[in-house]
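This one's a predicted model, so the numbers in the text were calculated from it and none came from an experiment. Along the sequence shown, the residues carry numbers beginning at 1.
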Amino acid sequence: MLKLNDLTLHYGHSQILHDVALEASLGEVTCVMGTNGVGKTSLLKAIAGAHPRSGGTMELNGEEIGVLPSHALAKKGIAYVPQGREIFPLLTVKENLETGFACLPSKEHFIPDEIYDLFPILKDFLGRRGGDLSGGQQQQLAIARALITKPRLLLLDEPTEGIQPNIIQQIGQVIKLLRDQGDMAIILVEQYFEFAYDLADQFAVMRRGEVVLKGDKGTLEKSEIMSFVSV
């Protein structure tokens with residue numbers, strides 16, 4: 001679904017990503033790991049178009065994609081759930097979900113029942129403002145809003161950050177379900193090692209803006225991955 005070759009990214013005169021190569025396949029979770037500040041979030045922003053990449057190529061479903069803004073990439077099937085969730089605090093849960101309609105034709109401007117199957121609490125809180133939800137509920141809303149766009153590639157940045165354990169478990173179950181449906185590729189950036197290791201099919205470990213280790217879970221030693229992500 002996604003193939004990156006020699007992707008680079010700059011913030012001003014500083015180069016953040018160095019010739020990153022990465023692939024993500026349908027029906028798999030590709031987990032991007034590394035310590036703080038190695039470029040994981042910058043990589044997701046480059047894929048989602050939230051920060052334009054400086055060089056390299058990106059293919060989506062076999063089509064080479066130019067440097068496009070985030071709304072154009074969303075229409076091509078890329079959904080991004082950023083660190084910190086970034087829901088609209090003054091909009092209701094229903095209105096937050098409806099912001100995903102912008103990527104869809106008018107005939108698809110409805111909230112599928114599957115959203116409520118995945119996140120039952122949202123159906124109970126449709127009229128509640130997003131800012132009044134707990135952190136875990138906001139995270140569920142952010143993921144649900146991304147799923148409204150019917151993505152082929154889902155980017156998740158630290159979905160467990162600041163979330164209570166029972167919600168972390170629920171989010172993990174949702175990610176597994178989405179993966180097992182087989183029609184979506186998922187890239188997960190996650191610091192909670194055991195959560196990531198349980199979900200991942202593929203790993204890409206970053207250090208100083210480069211991918212220094214990658215492969216499927218069956219070929220990489222758990223201890224080797226941990227040695228790169230331990231502070």
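- Atom CG in L154 sits 7.0 Å away from atom CG in L178 (nearest 0.5 Å).
- Judged purely by distance below 3.5 Å, without hydrogens or angles, the side chains of T160 and E190 pair a donor atom with an acceptor atom.
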- Query: Stepwise, does the side-chain contact (heavy atoms from CB on, under 4.5 Å) test hold for I78 with L60?
  - Reply: CA-CA 9 Å; I78 298 177; L60 188 67; 3.9 Å; yes
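- Figure legend: cation-pi geometry between K45 and Y80 absent, as NZ or CZ is not positioned both under 6.0 Å from the six-membered ring centre and within 45° of its axis.
- If you take CE on M33 and CZ on F193, they are separated by 5.5 Å, rounding to the nearest 0.5 Å.
- Partner of V81 under the side chain to side chain contact (heavy atoms under 4.5 Å, CB included) criterion, out of D157, L44, L156, L141: L156 alone.
- Hydrophobic clustering (side-chain heavy atoms under 4.5 Å, transitive across Ile, Leu, Val, Met, Phe, Trp, Tyr) keeps M184 apart from L153.
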- Message: Could you go through I111 and I148, starting from their C-alpha distance and side-chain angles, then the distance that decides it, and tell me whether this counts as side-chain contact (heavy atoms from CB on, under 4.5 Å)?
- Response: CA-CA 7 Å; I111 301 171; I148 289 285; 4.0 Å; yes
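- Under a hydrophobic-cluster definition in which Ile, Leu, Val, Met, Phe, Trp and Tyr are linked whenever side-chain heavy atoms come within less than 4.5 Å, directly or via other members, F125 and L97 are assigned to the same cluster.
- Side-chain N or O atoms of R179 include none that pairs as donor or acceptor with a backbone N or O of D201 at under 3.5 Å.
- With a 6.0 Å radius and a threshold of 12 heavy atoms from other residues, nucleotides or ligands, D113 has its CG atom at or below the threshold.
- If you take NZ on K94 and CG on L126, they are separated by 7.5 Å, rounding to the nearest 0.5 Å.
- At least one donor-acceptor pair closer than 3.5 Å links the side chain of S134 to the backbone N or O of Q137.
- Sorted by first and then second residue, the salt bridge (charged side-chain N to carboxylate O under 4.0 Å, His left out) pairs involving residues 70-83 (not counting sequence neighbours) are E63-K76.
- Placement of V67 and L17 in two distinct hydrophobic clusters is found when ILVMFWY residues are connected by side-chain heavy-atom separations under 4.5 Å, directly or transitively.
- E23 places none of its side-chain heavy atoms less than 4.5 Å from the side chain of Q202.
- The line from CZ of R128 to CG of L91 is 16.0 Å long, rounded to the nearest 0.5 Å.
- When all heavy atoms are compared, the tightest approach of S42 to I16 is OG-CG2, 3.6 Å.
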- Begin with the C-alpha distance, continue with both residues' side-chain angles, and end with the deciding distance and a verdict on side-chain contact (heavy atoms from CB on, under 4.5 Å) for D19 and L7. CA-CA 5 Å; D19 301 324; L7 186 144; over 6 Å; no
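- Put simply, the side chain of E95 gets close to the backbone of T92: a donor and an acceptor are under 3.5 Å apart.
- For D216, there are no side chain to side chain donor-acceptor pair (under 3.5 Å) partners at least two apart in sequence or on another chain.
- Here the side chain of T8 pairs a donor or acceptor atom with the backbone of G55 at under 3.5 angstrom.
- Cluster membership for I187 and M58, using ILVMFWY side-chain heavy atoms within less than 4.5 angstrom, is shared.
- Q83 places none of its side-chain heavy atoms less than 4.5 Å from the side chain of K40.
- At least one side-chain heavy atom of M206 sits less than 4.5 Å from a side-chain heavy atom of V32.
- Proximity of the aromatic rings of F203 and Y197 is defined here by a centroid distance below 6.0 angstrom, and this criterion is met.
- The two residues L68 and L73 have their closest heavy-atom pair at O-CD1, 3.7 Å.
- Using a 4.5 Å heavy-atom cutoff, the side chains of Q139 and I167 are not in contact.
- Looking at R85 and E161, no side-chain N of the basic residue comes within less than 4.0 Å of a carboxylate O on the acidic one, giving no salt bridge.
- Residues L188 and F195 come closest through the heavy atom pair CD2-CE2, 4.3 Å.
- In terms of heavy-atom proximity, A79 sits nearest to P151 at CB-CB, 3.6 Å.
- Looking only at distances, no side-chain donor or acceptor of R152 sits under 3.5 Å from a matching main-chain atom of M1.
- Shown are K217, K222, K176; of these, the salt bridge (Lys or Arg N to Asp or Glu O under 4.0 Å) with D198 is made only by K176.
- Ring geometry, H51 versus Y11: the interplanar angle exceeds 60°, so the pair is classed perpendicular (tilted spans 30 to 60°).
- The backbone N or O of V205 sits nowhere less than 3.5 Å from a side-chain atom of K214 that would complete a donor-acceptor pair.
- Side-chain N or O atoms of E28 include none that pairs as donor or acceptor with a backbone N or O of I186 at under 3.5 Å.
- Within the 4.5 Å cutoff, the side chain of E221 has no heavy atoms near those of the I225 side chain.
- One distance of note links CZ of R53 with CG of L4; it measures 8.0 Å at 0.5 Å rounding.
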- Task: Verify side-chain contact (heavy atoms from CB on, under 4.5 Å) between R145 and F88, making sure each step is shown before the conclusion.
- Result: CA-CA 11 Å; R145 180 179 61 184; F88 297 104; 3.6 Å; yes
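- Remark: the N5 side chain and the E59 side chain contain no N/O donor-acceptor pair separated by less than 3.5 Å.
- Rounding to the nearest 0.5 angstrom, the gap separating the OG atom in S54 from the CG atom in L9 is 5.0 Å.
- Side-chain contact between I175 and V29: present, with at least one pair of heavy atoms (C-beta onward) separated by less than 4.5 Å.
- The two residues A204 and L22 come nearest to each other via the heavy atoms CB-CD1, 3.5 Å.
- Taking hydrophobic clusters as Ile, Leu, Val, Met, Phe, Trp and Tyr residues chained together by side-chain heavy-atom distances below 4.5 Å, V229 does not share a cluster with L43.
- The two residues A21 and V211 make their nearest non-hydrogen contact at O-CG2, 4.2 Å.
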